[in-house]
Amino acid sequence: MNRKLEIINVYKKKISLLKKHNKLYFSSDSPIISDSEYDSLKNEILNLEKSNSFLKKLNLNKKVVGSPPSNKFKKIKHLKPMLSLSNAFDKNDMKDFISKITNFLNLKEENIEFSSEPKIDGISATLIYENGILTKGLSRGDGVTGEDILENLKTINEIPKKIKGNNIPSLLEIRGEIYIGKKDFNKIKGNFANPRNAAGGSLRQKDSKETSKIPLKYFAYGFGAIKPMMFSSQAEFLETIKNWGFSTNPLVKVVKNLEEIESQHSFIDSKRSALDYDIDGLVYKVNDLKLQSRLGNTSNSPRWAIAYKFSAEKAVTKIKDIAIQVGRTGAITPVAKVEPVTVGGVVVSNATLHNEDEINRKDIRIGDTVQIQRAGDVIPQVISVDKTKRSQDSKKYIFPEKCLCGEITQKEVNKSTKKEDAVRRCLRGYDCNFIAKERLKHIVSKDAFNIDGLGKKVIDQFWDLKLIRKPSDIFIINYSKIDNLEGWGKLSISNLKKAIEKSKTIGIDRFIFSIGIRHIGQENAKILGSFFKTINKFSGLFEEKNRKKILENLIELDGIGQIQIDSIDNFFSNNKNVEIVKKLIFELKVKNFKTLNKKGKFSNKTIMFTGGFEKMSRSEAKSLVENNGGKVLGKISKKLDILVIGNSKPTKKKIETAKELSIKTIKESEWYKLLDL
Ligand code: IVH
């Protein structure tokens, strides 16, 4: 090959490598090389161009050599966690949201107001003002710990550096969304798939001068810590900070009931395309801050707010093939491989078909012209088939009976309804390589071990290299096998080692969630964590004899039902699971359960309720006990300290049993007194 061609080849390879890293960084926000490795790759390209002028004429470098990414921000713990929102997609979901709130608070719908606010599709950040001066600025991070991006945030003109106004709280934390206007985005597009990624990329620049080149804007939508607290409603908060110079969204409105929520929704939806920023729905928040605090949070999201998404964007395409995916619970999901099509600014080439029944019901076939939709971050789905476009020789799709591992799949029968499940499952657990790999992806995910740098793609890579096959392997990786692989350098390996080392210390509740027992989500894992407290006690489940005894006690726990108990039993009846969990524990330091708010009126006390209350719902009563350090039991036993008897239809049998066991009982009125209500 002549010298010139050789150089062109090397150059092309480097450009495509850079493109790959740009994509990982900018579009999926998951860089796998360090800043310096990225820099040197970029410099190599520029140097090649300098010394070989013919390369420039190829015009390959256009928009490829962007700014170096950075993962070097200082991590800072949030003063209060930055939660996310649960989603509603239609009127029914909103109806559920309202009735959950009215039930919890035991209030009527007409007594609750909502602040309706556009949900800006940008990047959230939090600004901390001490005595009116902006002193800290953090990204959301994982919600608990954020990154110090103060210098970059300071480049945004609209963000006040010093608040002008009277009576400003000495500590004021303002949360908001950073975005790029649609018009501005069209000018700078470059490497970015959409304005949201552009805003994210720009905010994470190491050099704030780079950030300042991109016209970022923001809307403030909420608060974190405030001292002293001076607001009584969300609307009042927004109005006040607007007067202090913060940018708040002009389309915010207080609304009352489902009808008003619906009409505001269609009104804003109709304005959506004319706005200069992307919104993907409206956020509805209970306006009264006292009610917000009564409602409190579940593990990830507040009970007092919801994101009501706009109807999904749709597009028409053709199914090229139907493939099968195996999930970590063994569920087999059919996926349509479609001709790539842009849906709401994102190129889609895969869409879920849910399950076998769904394919049969809609008679979906390979070669069909279909409508697909993408709503928010949800996986795109096939919604309908255009049968008029079907070719004559098309054949009905026969759903495979086997898992990708070759095992025959099963449909489970629901114990109580006796109905067959719609989902086929592979029941081989860790013996199925496809399930095993998905379980590993779950283990490293954010809500589980949360290992930075060990995402889904890296698990795939390490799996193929046979570096990781079961969870405990994560902690004994042979790094010498990756140090000369493409995409890995000294720094990225050292960062990965650190992240893995750090993740070895894990709370028992997170650990229980991580091992991926079916039906044990974060909430249930917390309940189990508070029951077992130590990994030693939890390990009692490994042996059949102990297990049965322990499981009998679990039914006492409020929130754990027979489905969960059967699932735990099922998981630990499998010797391979036990062996794998034991090996994992061996590598870890599992911390005992940390009880929050231990000090309170009900510290170390167990409470049970019977009958309904006038002023509050059962759920609110339960969270009051938990927030005051106590535990709510679901079944009466000697362990119970207090039985609270509500005025409305208490169970006689429970009151009698309590008396027999000499358990203290209190009436509804005494309950309120106890709580100073
Ligand atoms: S309130 C605890 N209000 O949506 C509730 N969020 O999915 C915190 N967002 O992380 C969120 N506009 O980045 C709220 N008016 C708005 C919002 C908004 C956009 C984003 C925010 C948040 C995400 C939640």
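First listed ligand is number 1; within each ligand, the first listed atom is number 1. Sequential numbering from 1 along the given sequence is applied to the chain's residues.
Below 3.5 Å of separation, one finds no N or O of Ser84 facing any N or O of ligand 1. Residue Glu177 has at least one N or O atom closer than 3.5 Å to an N or O atom of ligand 1. Backbone and side-chain nitrogen or oxygen atoms of Ile120 are examined, and one is located within less than 3.5 angstrom of a nitrogen or oxygen of ligand 1.
Note on ligand 1: Pro302 sits in its first shell, one or more heavy atoms being nearer than 4.0 Å. Between Pro118 and ligand 1 there is a heavy-atom distance shorter than 4.0 Å.
By the side-chain contact (heavy atoms from CB on, under 4.5 Å) test, Glu259 is found to be paired with Lys91, Asn257, residues two or more places apart in sequence or in another chain being considered. Taking Lys227 as the reference, Leu171 meet the side-chain contact (heavy atoms from CB on, under 4.5 Å) condition, with sequence neighbours excluded.
Regarding atom 10 (O) of ligand 1, its nearest protein heavy-atom neighbour is Ser124 OG, 3.8 Å. For atom 8 (C) of ligand 1, the closest heavy atom belonging to the protein is Leu83 O, 4.1 Å. Of the protein's heavy atoms, Leu85 CD2, 3.6 Å lies nearest to atom 5 (C) of ligand 1. Among protein heavy atoms, the minimum distance from atom 3 (N) of ligand 1 is reached at Lys285 NZ, 3.0 Å.
Remark: the backbone N or O of Phe513 is paired with a side-chain donor or acceptor of His442 at under 3.5 angstrom. Between the side chain of Glu236 and the backbone N or O of Asp288 there is no donor-acceptor pair closer than 3.5 Å. No donor-acceptor pair closer than 3.5 Å links the side chain of His78 to the backbone N or O of Thr126. No donor-acceptor pair closer than 3.5 Å links the side chain of Arg439 to the backbone N or O of Ile515.
When Phe219, Tyr221, Trp304 are ranked by how near their heavy atoms come to atom 11 (C) of ligand 1, first place goes to Tyr221. By heavy-atom distance, the residue among Arg140, Glu117, Arg175, Gln234 lying nearest atom 15 (N) of ligand 1 is Glu117.
Side-chain contact check for Asn249 and Tyr277: at least one donor-acceptor pair (N or O, by modelled atom type) lies under 3.5 Å.
Note: Phe246 and Tyr129 meet the aromatic proximity criterion, with ring centroids under 6.0 Å apart.
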